[in-house]
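Computation of the quantities below employed the complete heavy-atom set of this structure, encompassing side-chain atoms and omitting hydrogens, waters and symmetry-equivalent molecules. On a predicted model such as this, the values are computed, not experimentally measured, just so you know.
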Amino acid sequence: MTASSPDLPAGHRPPTAAQPPTPPAAGAMASAPATPAGAGFLPGADRTAGPAPADLALPVSGRRVLTRADGRFARVGELPADTDWVPVGTLDGAPAWTADVAEAAEAWGRWRSWRSLAAELPEPYATAAGRALAVVIWRRTHRWCGACRAELADVPGETARRCPGCDLYVPMRLSAAVLTAITRPGPTGGPDELLLVRHAYGPTELWALVAGFVEAGETLEAAVHREVGEEVGLAVDRVAYFGSQPWAMSGPGTLLAGFTATAADPSAEPIVDRRELVEARWFPLDALPAELPPAYSISRWLIDAAVTAGRR
């Protein structure tokens with residue numbers, strides 16, 4: 001990927017794009033690799049200059065994002081001139097725009113789910129598509145003032161709206177969720193074990209990590225302890241931050257924060273209520289099930305990092 005090719009075709013992934021972050025040492029913070037100024041995706045909301053024909057176009061219809069038939073992102077000049085463009089940010093230095101399209105025009109190209117795009121595109125491209133979805137859905141669902149019912153107006157230079165009647169300020173808010181890779185020592189001479197769970201909703205066939213949304217007034221670390229206790233009845237120690245990922249499949253503005261932890265009582269077994277979770281089991285790190293989260297998810301990065309750490 002280079003700064004001159006922000007419309008990289010789907011299916012072409014640089015060798016390092018699918019690699020999970022290097023697992024941090026216990027208590028250390030995971031950090032993203034350094035990138036040159038202007039590289040990758042940078043969110044933005046400046047619409048002062050307006051879109052140019054060569055700018056990237058990521059229109060949204062329903063919950064699908066447009067790409068060309070060859071998988072590349074379209075250009076603004078390729079789409080109808082009366083499209084109401086909204087800024088998304090920059091992708092490798094190229095301005096990117098989105099628009100809410102009421103009826104998907106098949107002649108424009110391929111309308112694809114974020115899951116499909118994230119499975120094929122390098123991370124910055126999937127993140128740009130996810131922000132396009134988030135911005136459009138937020139604008140679609142935040143048209144009116146919740147206090148006085150007046151129509152909200154855009155705040156210049158921000159992803160926010162303000163009420164002209166009562167001055168209520170309405171920014172696009174983030175919903176933070178935590179997920180935790182919990183390990184414990186295995187039997188004598190055996191590998192460590194990782195706790196995996198199956199949910200009663202969503203992709204129920206997958207073995208995933210304990211996860212949940214952060215409550216108001218709660219730190220991320222406190223949310224880890226609470227969610228683990230609520231979902232599987234366990235206490236954890238050595239909670240350490242791993243990394244984060246914007247996540248477009250849980251609604252607009254969702255940010256996943258990943259953590260590692262160890263079971264406070266290595267002999268304790270998980271208990272599930274069968275309403276939110278239907279099963280929870282310890283798996284040896286060298287014998288994990290095949291039904292794991294997709295490679296583009298931070299859940300999988302955490303699992304892969306636990307396996308790597310277990311080999312040391």
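The only member of V65, L66, T67 that meets side-chain contact (heavy atoms from CB on, under 4.5 Å) when paired with R110 is T67.
Using a 4.5 Å heavy-atom threshold, the side chains of F73 and L91 count as touching. The side-chain heavy atoms of W207 and L288, taken from C-beta on, include no pair separated by under 4.5 Å. Between D92 and Y125, some side-chain heavy-atom pair lies under the 4.5 Å cut-off. In this structure, S175 and R173 have side chains that are not in contact, with every pair of non-hydrogen atoms separated by 4.5 Å or more.
Distance alone, capped at 3.5 Å, is enough to place a donor-acceptor pair between the T98 side chain and the L58 backbone. Between the side chain of R162 and the backbone N or O of A153 there is no donor-acceptor pair closer than 3.5 Å. Side chain of T180 to backbone of F259: no donor-acceptor contact under 3.5 angstrom is found. R198 contributes a side-chain N or O that, together with a main-chain N or O of E205, makes up a donor-acceptor pair within less than 3.5 Å. Without hydrogens or angle criteria, Q245 side chain to I298 main chain gives a donor-acceptor distance under 3.5 Å. Side-chain atoms of T308 come within 3.5 Å of backbone atoms of D304 as a donor-acceptor pair (strictly under, hydrogens ignored). Side-chain atoms of R300 come within 3.5 Å of backbone atoms of P293 as a donor-acceptor pair (strictly under, hydrogens ignored).
Under the 3.5 Å distance criterion, with hydrogens and angles disregarded, a donor-acceptor pair is assigned to the side chains of T159 and R131.
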Might you work through the side-chain contact (heavy atoms from CB on, under 4.5 Å) test for E276 and Y201, ending with a clear yes or no? CA-CA 7 Å; E276 189 167 348; Y201 54 87; 3.8 Å; yes
Begin from the C-alpha positions of V232 and V197 and carry the test side-chain contact (heavy atoms from CB on, under 4.5 Å) through to its verdict. CA-CA 9 Å; V232 292; V197 301; 4.1 Å; yes
Stepwise, does the side-chain contact (heavy atoms from CB on, under 4.5 Å) test hold for V86 with V136? CA-CA 8 Å; V86 177; V136 165; over 6 Å; no
CA sep, side-chain torsions, deciding dist, call: T183, T260, side-chain contact (heavy atoms from CB on, under 4.5 Å): CA-CA 8 Å; T183 56; T260 61; over 6 Å; no
For the pair T127 and E123, evaluate side-chain hydrogen bond (donor to acceptor under 3.5 Å, both in side chains) and give the outcome as yes or no after the intermediate values. CA-CA 6 Å; T127 299; E123 182 276 331; 2.5 Å; yes
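To the nearest 0.5 Å, atoms CD (E193) and CZ (F283) are separated by 10.0 Å. Residue R226 holds its CZ atom at 5.0 Å from CD of E215, rounded to the nearest 0.5 Å. Note that CZ of R139 is 10.5 Å distant from CG of L152, once rounded to the nearest 0.5 Å. Between atom CG of residue L179 and atom CG of residue L256 there is a gap of 6.0 Å, rounded to the nearest 0.5 Å. Interatomic distance, CG of L277 versus CD of E279, reported as 10.5 Å (0.5 Å rounding). L196 contributes atom CG, which lies 9.5 Å from atom CD1 of I182 (distance to the nearest 0.5 angstrom).
Taking every heavy atom of both residues into account, L133 and V60 meet most closely at CD2-CG1, 3.7 Å. The two atoms that bring L79 and P59 nearest to each other are CD1-CG, 3.9 Å, heavy atoms only. Minimum heavy-atom separation, A280 to P270: O-CG, 3.5 Å. Heavy atoms only, all atoms of each residue included: G40 and P124 are closest at CA-CB, 4.0 Å. For the residue pair E227 and V210, the shortest heavy atom distance occurs at O-CG1, 4.0 Å. In terms of heavy-atom proximity, F41 sits nearest to A128 at CD1-CB, 3.6 Å.
By the rule that hydrophobic residues join a cluster once side-chain heavy atoms approach within less than 4.5 Å of another member, V135 and V101 end up as members of separate clusters. Both V239 and L234 are members of a single hydrophobic cluster when ILVMFWY side chains are connected at heavy-atom separations under 4.5 Å. Tracing side-chain contacts under 4.5 Å through hydrophobic residues (I, L, V, M, F, W, Y), one never reaches W85 starting from V88; they form parts of separate clusters. One hydrophobic cluster holds both W301 and Y296 under the rule that ILVMFWY side chains link at heavy-atom gaps under 4.5 Å. By the criterion of side-chain heavy atoms lying less than 4.5 angstrom apart, applied directly or through intervening Ile, Leu, Val, Met, Phe, Trp or Tyr residues, V76 is grouped together with W111 in one hydrophobic cluster.
The pair E269-R184 counts as a salt bridge, with a side-chain nitrogen and a carboxylate oxygen less than 4.0 angstrom apart. Taking the charged nitrogens against the carboxylate oxygens, R140 and D100 do have a contact shorter than 4.0 Å, which makes a salt bridge.
Counting heavy-atom neighbours within 6.0 Å of R47 CZ, excluding the residue itself, gives a total above 12. Residue E103 qualifies as open at atom CD: its count of foreign heavy atoms under 6.0 Å is 12 or below.
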